[in-house]
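Below you'll find the structure, written out as C-alpha cells, and then a few comments.
For clarity, every value in this text was computed on a predicted model and none was experimentally measured.
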Amino acid sequence: MPRTPADDVHPVLPGCEPWSSPGGGPHGALVLHGFTGSPVSMRPLAEALADVGFAVALPRLPGHGTDTADMVETGWDDWLTEAERALEALQARTPDGRVVVVGLSMGGALTAALAQGHAELAGIVLINAPVAAPAELAAAVEEMLAGGMEVMDSVGGDIADPDADEASYDETPLRPLLTMIVAGQDVRARLPEVTIPALVITSRQDHVVNPGDSDILAAELGGPVEQIWLEKSFHVATLDYDRAEVESATVAFAQRVTAG
C-alpha cells in the first residue's frame, strides 16, 4: 500500500504545506517539487501560474517537508502515486480544460513518468530533471547501504542566491535515493513515448544533476521540445537568480499549449 503524506509522523515544517489555487479559467497546472525538498521550492512558480488564471495543485510528496525519519519510509512508487492522485484531482477540478505538469529535479522525473501514462496532458515543463544517473551512482549507494549507512550529506540547497532557501533536509536518505535512481532507468527508456510538447529548462551550473541530462531529454522525448539554458542559477532555479525567467517561460509555454 503506497504511503501518503497523511502517513508522515512528524509535523509539517512551516511553509512546506501543500498549496492550491482555484484558478480563474478552465485549465490547470500540477507543480511538483524535488527530492528531499518541499513545496517551498515551487511556490513562487505555482503562484505565477495561478496569477494568470490556472487552477494549480502543488502537493507535498510523502516523506517530504517534515523530517528525514518520515522520508526513509518512502520511495519512488509512493511519490509517483501521490503525483497521480494530485493529477486526477486537478483534472476533476478542470473538466472543460487541459492540464500542464511542471516539475523541478525529481519532480521533473515524476513529470516525465506521468506524461508516459497521460497522453491527454497539454504539455510538460522539466526543470533540471534527472534522467540519466550513471550506473556507478547506484552501485555507490548500494555499497554505502551494505556498509551500514542509511543517510549521506544533503543534496539540497544548491542555490547561487545566498538569500534563498528551499527548506530541504540537511541529509539524504539512501534507500529512497536508490529507488529514484532505479526508477529513472525506466523513465528514460520510455521517453520516446512522450509525444506532447515539452519545455526543458536547465541551469548550466548545476551541482546536483548533470546539465547534460537536458540534451538527453531533447534527443529522446518523442514530441516537440523547447530548451532554455539558465546562466546565473544553480540547481534550484525556481528560487534562484533566473527565477523570473523560469516563471515567464513556464507561464508562456503553459498558456500556449493550452490555447485552442
Residue pair Thr111 / Val125, side-chain heavy-atom distance below 4.5 Å: no
Give the minimum heavy-atom separation between Pro62 and Asp78, together with the two atoms involved. CG-O, 3.9 Å
Asn128 side chain to His235 main-chain N or O, any donor-acceptor pair under 3.5 Å? yes
Glu247 to Leu45 - nearest heavy-atom pair and separation: CA-CD1, 3.7 Å
Using modelled atom types and a 3.5 Å cut-off, is there a donor and acceptor pairing between side-chain atoms of Arg243 and backbone atoms of Ala237? no
Any Val72 side-chain heavy atom under 4.5 Å of Glu150 side chain: no
Ignoring hydrogens and geometry, is there a side-chain-to-backbone donor-acceptor pair from Asp161 to Asp240 under 3.5 Å? no
Kindly give the heavy-atom pair with the smallest separation between Pro44 and Val40, and that separation in Å. CD-O, 3.7 Å
If you take all heavy atoms of Thr258 and Ala122, which pair is closest and at what distance? CG2-CB, 3.8 Å
Tell me if a side-chain donor or acceptor on Tyr169 pairs with a main-chain N or O of Thr66 at a distance below 3.5 Å. yes
Under 3.5 Å: donor-acceptor pair, side chain of Asp213, backbone of Val131: yes
So, Asp67 side chain and His10 main chain: donor-acceptor pair closer than 3.5 Å or not? no
Give a yes-or-no answer on whether the side chains of His118 and Glu84 include a donor-acceptor pair shorter than 3.5 Å. yes
More than 12 non-hydrogen atoms from neighbouring residues, nucleotides or ligands closer than 6.0 Å to CD on Glu143, yes or no? no
Heavy-atom pair of closest approach, residues Pro162 and Tyr241: CD-OH, 3.3 Å
Correct closest heavy-atom pair for Met71 and Pro176 would be O-CG, 3.3 Å
Hey, is Arg85 close enough to Glu88 for a salt bridge, meaning N to O under 4.0 Å? no
Between the main-chain N or O of Ala55 and the side-chain N or O of Arg93, is there a donor-acceptor pair closer than 3.5 Å? no
Using modelled atom types only, decide if a donor and an acceptor are shared between the side chain of Asp158 and the backbone of His207 within a distance under 3.5 Å. yes
If the plane angle is over 60° it's perpendicular, under 30° parallel, otherwise tilted; pick one for His27 and Phe54. tilted
The side-chain hydrogen bond (donor to acceptor under 3.5 Å, both in side chains) partners of Ser214 (sequence neighbours excluded) come to Thr202
Short question: side chain of Ser38, backbone of His64 - any donor-acceptor pair under 3.5 Å? no
